[in-house]
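Notes follow the structure.
Reminder, nothing fancy here: chain letters follow the sequence lines and each chain counts from 1.
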Number of protein chains: 2
Amino acid sequence: MNSKYTNKLRSSGMRPTRQRIKICEILFDREHTFHFSINDLAEIVKNNAKEKIALATIYNTVHLLTKKGYLKEISINSDKSYFDTNTSSHHHFFDEETSKLIDLDNEYVDPINIRKNIPGKKVKSIEVLVKIDNDNQNQK
Amino acid sequence: MNSKYTNKLRSSGMRPTRQRIKICEILFDREHTFHFSINDLAEIVKNNAKEKIALATIYNTVHLLTKKGYLKEISINSDKSYFDTNTSSHHHFFDEETSKLIDLDNEYVDPINIRKNIPGKKVKSIEVLVKIDNDNQNQK
DNA sequence: TGCTTATATTATAATCATTCTAATCTATAT
DNA sequence: ATATAGATTAGAATGATTATAATATAAGCA
Ligand SMILES: [Mn+2]
Ligand SMILES: [Mn+2]
Ligand SMILES: [Zn+2]
Ligand SMILES: [Zn+2]
């Protein structure tokens, strides 16, 4: 019951259960941003946790952490959802070869000015997706 | 058999069938860019065509038109795929209230310069997604 | 510390978009 | 006209996600 996530969870109105703490440790005890699909996370849980966590619990917890603002959902692919431990508004590279997301911090992109507006609507976010692929230029 | 799409299809190596011609007419006989999900298209076909077209055929045709370069697939939502009759590289507004895409032509956005590169990878596309929602500022 | 109850977890079934299958049909070349 | 490669079709299969409803547990209170 004594984890660095016990209070974090409780302060967000989530009961600190074994399963939630384990998932938080997997997601947040890392140096860099983590981009993952539910399946990625389920695999890690399986190889990493002594006790099994039901898939439904993994879905529930990830969605709850998203709702509470600790994760951000990203769609680049309609096959499955990706989630991101970097919840700020930021850009991405998407590697078409590996299907992996890479953060592209705002410092590497000039502020984007949209010179068009839609009546009655306000801008919620502006994000760039840079698709990349292997450079076979100088391969041969 | 005499449609403006008969030759277009044939010249792309697709046999001009009744179903494909009907789908092309629905998709391309319009003034503006059309953003649609498979379900949107299936609905239009149902209300619009005298003869029923099987859902599998709609999927097949849309995927084939995408492969041939007449449609572009867009992912903003993991629930379903969207397709776009504007196949150029361009930006979008996504209205979170209506779940509709709106083209944001390049002329309204300054060229985007990415000051970071990933070794061994080359940039395939750079596209901006602007999420918008109702402006309830001056609604009260 | 031990009950109570609101919440959470779980296995499993249901849903829904998409893809597959294999039977039937058709555009096109001969 | 005929043959055949390619297309359409209904329905089954798949796979991600969500719902269900029985069981377990965290937290508040006696
Ligand atoms: Mn979701
Ligand atoms: Mn697809
Ligand atoms: Zn990110
Ligand atoms: Zn578009």
Side-chain angles (χ1 to χ4, degrees), chain A residues 1-3 5-24 26 35-46 49-68 70-71 73-83 99, chain B residues 1-3 5-24 26 35-46 49-68 70-71 73-83 99:
Chain A
M1 291 294 151
N2 49 348
S3 158
Y5 297 106
T6 306
N7 289 322
K8 194 172 181 176
L9 286 166
R10 210 165 357 226
S11 71
S12 294
M14 300 170 70
R15 287 188 179 174
T17 63
R18 271 196 318 286
Q19 294 86 342
R20 286 171 177 176
I21 288 170
K22 183 74 207 169
I23 288 170
C24 283
I26 290 171
H35 298 102
F36 63 97
S37 68
I38 294 287
N39 190 59
D40 295 334
L41 177 55
E43 284 295 311
I44 295 171
V45 166
K46 196 192 312 184
K50 326 192 186 316
E51 304 164 78
K52 148 172 214 215
I53 301 178
L55 187 58
T57 300
I58 297 177
Y59 272 96
N60 289 339
T61 301
V62 166
H63 285 148
L64 203 49
L65 289 171
T66 303
K67 184 156 66 156
K68 297 296 185 179
Y70 297 112
L71 291 174
E73 190 169 1
I74 311 263
S75 294
I76 9 77
N77 182 306
S78 58
D79 294 353
K80 57 181 114 172
S81 256
Y82 285 79
F83 293 86
S99 288
Chain B
M1 288 296 150
N2 49 347
S3 157
Y5 297 105
T6 305
N7 290 322
K8 193 171 181 176
L9 286 166
R10 208 162 2 221
S11 71
S12 295
M14 301 171 69
R15 288 188 180 176
T17 62
R18 274 195 318 286
Q19 295 86 342
R20 287 170 176 176
I21 289 170
K22 185 73 206 168
I23 288 171
C24 282
I26 290 172
H35 299 101
F36 63 97
S37 67
I38 294 286
N39 190 59
D40 295 335
L41 177 56
E43 284 295 311
I44 295 172
V45 167
K46 196 190 314 183
K50 327 193 186 317
E51 304 164 78
K52 148 172 213 217
I53 301 178
L55 187 57
T57 300
I58 297 177
Y59 272 97
N60 289 340
T61 302
V62 167
H63 285 149
L64 203 49
L65 289 171
T66 303
K67 182 155 68 154
K68 298 294 187 181
Y70 297 112
L71 290 174
E73 190 169 2
I74 312 262
S75 294
I76 10 76
N77 182 305
S78 56
D79 294 353
K80 57 180 116 170
S81 256
Y82 286 78
F83 293 86
S99 287

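Atom CG of B:L64 and atom P of D:dT8 are 9 Å apart (whole Å). One interatomic measurement links the two molecules: CD of B:E73 to P of C:dA17, which rounds to 15 Å at whole-angstrom precision. Atom-to-atom, OH of B:Y59 to P of D:dT14 comes out at 17 Å; the value is rounded to the nearest Å. As rounded to whole Å, 14 Å separates atom C1' of D:dA7 from atom CG of B:L65. Between A:K68 atom NZ and C:dT7 atom P the separation is 12 Å, expressed in whole Å. The nearest whole Å value for the distance from the NZ atom in B:K22 to the C1' atom in D:dT8 is 17 Å. Atom CD1 of B:I38 and atom P of C:dC16 are 18 Å apart (whole Å). When rounded to the nearest whole Å, the span between CZ of B:F83 and C1' of C:dT18 equals 10 Å.
Side chains of B:K22 and B:I53 form a contact here, defined as non-hydrogen atoms less than 4.5 Å apart. With contacts defined as side-chain heavy-atom distances shorter than 4.5 Å, the pair A:L9/A:S3 does not qualify. Within the 4.5 Å cutoff, the side chain of B:R20 has heavy atoms near those of the B:R15 side chain. Looking at B:L71 and B:F36, their side chains come closer than 4.5 Å, going by heavy atoms from C-beta outward.
B:S12 places no side-chain N or O within 3.5 Å of a backbone atom of B:M14 that could act as its donor or acceptor partner. Within the 3.5 Å criterion, the main-chain N or O of A:K8 finds a donor-acceptor partner in the side chain of A:S11.
Considering only residues two or more places apart in sequence or on other chains, B:Y70 meets the ring pair (Phe, Tyr, Trp, His ring centres under 6.0 Å) condition with none of them.
Contact between the side-chain N/O atoms of A:H63 and the OP1/OP2 oxygens of D:dT17 is not found at any separation under 4.0 Å. B:R10 has a side-chain polar atom (N or O) that falls below the 4.0 Å cut-off from OP1 or OP2 of C:dT28.
Looking at every heavy atom in both residues, B:V62 comes nearest to B:T66 through O-OG1, 2.7 Å.
Comparing the local axis fitted to the first five base pairs of the helix from C:dT1-D:dA30 to C:dT30-D:dA1 with the one fitted to its last five gives a bend of 20°, rounded to 10°.
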field: Base-contact (B) and sugar-phosphate-only (S) positions in nucleotides 9-14 of chain C, heavy-atom cut-off under 4.0 Å, - elsewhere
entry: SBB---
query: When you look at A:T57 and A:N60, which way does the side chain to side chain donor-acceptor pair (under 3.5 Å) test go after all the steps?
result: CA-CA 5 Å; A:T57 300; A:N60 289 339; 5.3 Å; no
